[in-house]
J.: 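Dumping the structure here so I can ask a few things about it.
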Amino acid sequence: MRRCTRCGSELNERAKVCPVCGTPVDGERAHLRRMVVAMLVAAVVVAALLVVRSRQLGLGGAGVTSEAAAVAMWAPLH
Ligand SMILES: [Zn+2]
């Protein structure tokens, strides 16, 4: 028997939504979606950190543009 991820109520195997709280029942897909969202958030955070760091390097480095620093930092990751 499946259970609602929100309120824990027992769910009919064919139920599309929880009869108690109305939460959509799509177990595996909801889990996958959370994984994708988490990875996207992580990618955005890493990109933001790289941009900030490349700007700091650009200000401190002699003759090194922030764009070149960004490329140099991205290259090992790809
Ligand atoms: Zn529920």
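Start at 1 and go down the list; that is how both ligands and their atoms are numbered.
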J.: How far apart are the closest heavy atoms of C4 and T23, and which atoms are they?
T.: SG-CB, 4.2 Å
J.: If every non-hydrogen atom of S9 is compared with every non-hydrogen atom of V20, which pair is closest and at what distance?
T.: OG-CG2, 3.2 Å
J.: Applying salt bridge (Lys or Arg N to Asp or Glu O under 4.0 Å), can you list everything that pairs with R3, at least two apart in sequence or on another chain?
T.: E10
J.: Between atom CG of L49 and atom OG of S54, what is the distance when rounded to the nearest 0.5 Å?
T.: 10.5 Å
J.: Applying side-chain contact (heavy atoms from CB on, under 4.5 Å) between V25 and each of K16, R2, R6, report the one that passes.
T.: R2
J.: With the Zn ion (ligand 1) as the centre, enumerate protein N/O/S atoms below 2.8 Å in chain and residue order.
T.: C4 SG, C7 SG, C18 SG, C21 SG
J.: Shared ILVMFWY cluster between V37 and V45, side chains joined below 4.5 angstrom?
T.: yes
